Number of protein chains: 2
Amino acid sequence: MAAARPDPQPRRAATRSRAKRADAVATLRGAAGPRSAEKGGAQPWRKRVAHETTIVQAAERVFAGAGFGGATMAEIAKAAGLPKPNLHYYFGSKQALYRAVLERTLREWLEPADCIVATAEPREALERYIREKMRLSFARPYASRVWANELLHGAPELRTTLVRTLRPLMRRKVAVIDQWIAEGRMAPVDSSHLFFTIWAATQTYADFEVQICAVLGCASLDRAAQARATQHVVSLILRGCGLS
Amino acid sequence: MAAARPDPQPRRAATRSRAKRADAVATLRGAAGPRSAEKGGAQPWRKRVAHETTIVQAAERVFAGAGFGGATMAEIAKAAGLPKPNLHYYFGSKQALYRAVLERTLREWLEPADCIVATAEPREALERYIREKMRLSFARPYASRVWANELLHGAPELRTTLVRTLRPLMRRKVAVIDQWIAEGRMAPVDSSHLFFTIWAATQTYADFEVQICAVLGCASLDRAAQARATQHVVSLILRGCGLS
DNA sequence: CCTACTTTTGACCATTTGGTCAATTATGCG
DNA sequence: CGCATAATTGACCAAATGGTCAAAAGTAGG
């Protein structure tokens, strides 16, 4: 996760035809900010990262709009403003590109859980967690939809990731909630299912936005509506946990 | 909606090539039980309905598993145990078949809301509503997923349905909740958002089953696990509504 | 049996789509 | 400059896919 970028290395050239694809994904994984200890104006791979990011963002939008099967590489290319073979140059295949999108999302998705720790105040921690989830839902609806779409279809690409990454994390978080309950600091809810409910209640604003807007009779949720939604989810769940 | 079936009429034959498609959808719409006032052993269209049902069920499974774009008519045909042109005979196109699946789901989806009426006891009505939604989620996961998938991708097929059918219904239900709140019979929650939360919390068990199973570490939710989930959602939301 | 119909089905087609290639152009470096 | 490597891109291809058709096979009523 924190692995430093492999810098502008010749990227292990084989006959090239086979070598190009592969690890563009790895690039994105640690692309956050290792611009530090490099030489002077390291612009060679700067452009590469920029392109990869452009592509992944375009792909995110297109995959969100049509699903994996419905999205086409041509459409993604158009959305990214690049010729199609270029996508294949950076990400060997449609599937690899899709994976890159999912991987990027997963990291962002797990982050908010950091505030669920035993030493925290239950009410404060949960409220913060829910608010952060709501914020993500409104800020990155496409990412949420790609993720939802993947789960919806049985998670063919990240079933193992769910078991190997999400599950261990959740075990720890669930233990924290259970401890809070044991200490009588909140009502005895089922901690695992509490997370499922929070995920569902928050992400529904990204995933099923059309339905919500159709019912509310608005084209999209403005700032005020987002705040109202957030307030609703926070207070409903906190009260449900006996934390009002 | 209650329109009687057009019985084994010559089904307005034009040059046939163009006539065959069309209204298989209409058939399904009112196919519930008009077996009543017909003549004797009305078996001619009996088989037709059976086939249409078979096809729609197969389509539901396949669409749920791959989305509209990812599903193929060939796959649906195989799942239905019929040759591909047969599907086109009953439902003119892939899109029409998809619509038929969605339409069937919508009816089932709206039904549980019948118990939300002003004269009912809030606690009892809401609990019943939630339980019914949970039951549907476990009983018809494929339908839920097709629906979710459609919403996820912007509801291209049923945006108008949402506005013309779901919205009016919800206006009435929301009014009921608001009345209950005004009468001081439950906590002052945002009634529209309460529905969004209930939908999300219940349908997550169908839509994101893989994620839930991955976290819980089980292959699928057995009866006991389903009961636990249901109990969790019911008590969390009721308490959230001040109805414990 | 015969006529008129609905239904079934194998063979087929035009289009779309993921992916490839080879040729070409940038780019870094000695 | 000149070499090597990375990046770009127009042209292409094989496979998959939604949809069509016409011939064949039921099926009901006269």
Side-chain angles (χ1 to χ4, degrees), chain A residues 6-24 27 39-52 54-55 59 62-63 66 68-78 80-98, chain B residues 6-24 27 39-52 54-55 59 62-63 66 68-78 80-98:
Chain A
D7 57 2
Q9 209 180 130
R11 60 177 29 254
R12 70 154 150 36
T15 33
R16 169 154 157 279
S17 239
R18 293 278 126 229
K20 55 180 188 183
R21 65 197 294 285
D23 57 351
T27 297
K39 296 202 169 188
Q43 283 196 340
W45 59 278
R46 188 99 185 209
K47 193 177 168 189
R48 183 184 195 89
V49 171
H51 268 189
E52 286 173 359
T54 302
I55 294 171
V62 176
F63 281 133
F68 179 80
T72 70
M73 291 299 272
E75 207 177 341
I76 296 173
K78 209 180 83 182
L82 292 169
K84 192 175 59 154
N86 211 308
L87 309 203
H88 280 91
Y89 178 74
Y90 284 107
F91 304 82
S93 67
K94 185 185 182 184
Q95 189 175 317
L97 176 53
Y98 182 63
Chain B
D7 58 3
Q9 211 180 130
R11 60 178 29 252
R12 70 153 150 36
T15 31
R16 168 155 157 281
S17 240
R18 293 279 125 229
K20 54 181 188 182
R21 66 194 295 286
D23 56 352
T27 298
K39 297 204 168 187
Q43 283 197 339
W45 59 279
R46 188 100 185 207
K47 192 177 170 189
R48 183 183 195 91
V49 171
H51 268 189
E52 286 173 0
T54 302
I55 294 171
V62 176
F63 280 132
F68 179 79
T72 71
M73 291 299 271
E75 209 177 340
I76 296 174
K78 210 180 83 183
L82 293 169
K84 192 174 59 156
N86 211 308
L87 309 204
H88 280 91
Y89 177 74
Y90 284 108
F91 304 83
S93 67
K94 185 185 182 184
Q95 189 175 318
L97 176 52
Y98 182 62

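Residue numbers begin at 1 in each chain, while the letters A, B, ... track the order of the sequences. Values in this document were obtained by computation on a predicted structure and should not be read as measured data.
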Minimum heavy-atom separation for A/Thr54 and A/Ala80, please, with both atom names. CG2-O, 3.7 Å

Phosphate contact (D/dT8 OP1 or OP2) by A/His51 side-chain N/O below 4.0 Å: yes

Using a cut-off of strictly less than 4.0 Å, decide whether A/Tyr89 has a side-chain nitrogen or oxygen near OP1 or OP2 of D/dT8. no

Nearest whole angstrom, please: distance from the C1' of C/dC13 to the NE2 of B/His88. 13 Å

Exercise: identify the closest heavy-atom pair between A/Ala77 and A/Pro83: CB-C, 4.2 Å

Expressed in angstrom and rounded to an integer, what is the separation of A/Leu87 atom CG from C/dC21 atom P? 17 Å

Pull out every protein N or O sitting under 3.5 Å from an N or O of nucleotides 11-17 of chain D, one pair per line with the distance.
none

What's the CZ-P distance between A/Phe91 and D/dA7, to the nearest Å? 12 Å

Under a 4.5 Å cut-off applied to non-hydrogen side-chain atoms, are A/Met73 and A/His88 in contact? yes

Taking 4.0 Å as the cut-off, does a side-chain nitrogen or oxygen of B/Arg48 come that near to OP1 or OP2 on C/dT7? yes

Can you measure from CD1 (B/Ile76) to CG (B/Leu87) and round to the nearest 0.5 angstrom? 7.0 Å

With a 4.5 Å heavy-atom cut-off, do A/Lys94 and A/Phe63 have their side chains touching? yes

Expressed as a whole number of angstroms, how long is the span from A/Leu82:CG to D/dT8:C1'? 10 Å

Testing C/dT9, C/dG18, C/dT7 for proximity to the side chain of B/Pro83, the answer is C/dT9

Rounded to whole Å, NZ of A/Lys78 lies from P of D/dT9 at a distance of 17 Å

Among D/dG18, D/dT9, C/dG18, the one nearest A/Asn86 by side-chain distance: D/dT9

Can you check the A/Ile76 CD1 to C/dG18 P distance for me, whole Å? 8 Å

